[in-house]
Amino acid sequence: MRLDKYLAQATGYSRKDVKRMLHSEEVSVNGEIERNAARHVSDEDEVVLDGYQIDTPRDRFIMLNKPEGYVCSHDEGSHPSVLGLVDIPRPENLTIAGRLDVDTTGLVLMSDDGQWCHRITSPRHKLGKVYEATLADPIDESYIKAFEKGIQLNGEKGLTKPAELEILDSHLARVVLFEGRYHQVKRMFAALGNRVDELHRLSIGPIELDEMLNPGEWRELSDEEVASILNG
Ligand code: URA
């Protein structure tokens, strides 16, 4: 991990503060003053700031039950960011793995570990994202084949990748996607002449939304949940 990230994560100081400390020679690595923010440090290195040894920081891995009305973005426009719901130091350091629309609810995963987040969003790893969609009009049996074959979305080059659709009720469906295009579920149903009224994400790959979490609540992932993404 880069030295500036290591220090910021372990101490709660901003990267800007950390850079200033490096510049004013307050940091040493293995007994030598270090000024290079990009220097790689690992568990074996002894990092000392202002005379205090700094323990290796742990990346944080979080699941949130996203309520309606929040954006999955670091920038707040007319709606607040989901990061404001996570009351930990420096939530802005978290990467959000797979965004949900402002009116979509359910499972959002976040971490300091950008590569872990990338495994979730990259279609190469084929992690299924499961949604429950409530439709304005009755769901036709023919949708199942259409989702399987792929659907041509407005303004996009290729068909959507094969997706799964299970009809749970006349207006309720469970959808499994293996990619993440902009407003994908809503646009797939729109292409079939229907409209999504409510959308809720239940799981991402092997990680399911914890039923104990009310909308707006979050918890840290277990070590097993974190590893399940890397093993998938
Ligand atoms: N598909 C959508 O249309 N919206 C979401 O928030 C997620 C998937």
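Every number for a ligand or one of its atoms is a count from 1 in the order of the listing.
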Pair Thr134-His171, side-chain donor/acceptor within less than 3.5 Å: no

Pairing of Arg58 and Glu220 as salt bridge, 4.0 angstrom limit: no

Residue Gln115 excluded, over 12 heavy atoms near CD under 6.0 Å: no

Report each N/O pair between ligand 1 and the protein that falls under 3.5 Å, naming both atoms.
residue, atom, partner, partner atom, Å
ligand 1, 1 (N), Gln184, N, 3.4
ligand 1, 1 (N), Val185, N, 3.1
ligand 1, 3 (O), His183, O, 3.2
ligand 1, 3 (O), Gln184, N, 3.4
ligand 1, 3 (O), Val185, N, 3.3
ligand 1, 3 (O), Lys186, N, 3.1
ligand 1, 4 (N), Asp101, OD2, 2.7
ligand 1, 6 (O), Asp101, N, 2.8
ligand 1, 6 (O), Asp101, OD2, 3.4
ligand 1, 6 (O), Thr104, OG1, 2.9

Residues Asp113 and Ser111: side-chain donor-acceptor under 3.5 angstrom: no

Under 3.5 Å, sequence neighbours excluded: what are the donor-acceptor pairs made by side chains of residues 25-37?
residue, atom, partner, partner atom, Å
Glu25, OE2, Arg35, NE, 2.7
Glu25, OE2, Arg35, NH2, 2.4
Glu26, OE2, Ser24, OG, 2.7
Asn30, OD1, Glu46, N, 2.7
Asn30, ND2, Asp45, OD1, 2.9
Glu34, OE1, Arg39, NH1, 2.8
Glu34, OE2, Asn36, N, 3.0
Asn36, OD1, Ala38, N, 3.0

Least distance between heavy atoms, Leu109 atom then Leu107 atom: CD2-CD1, 3.9 Å

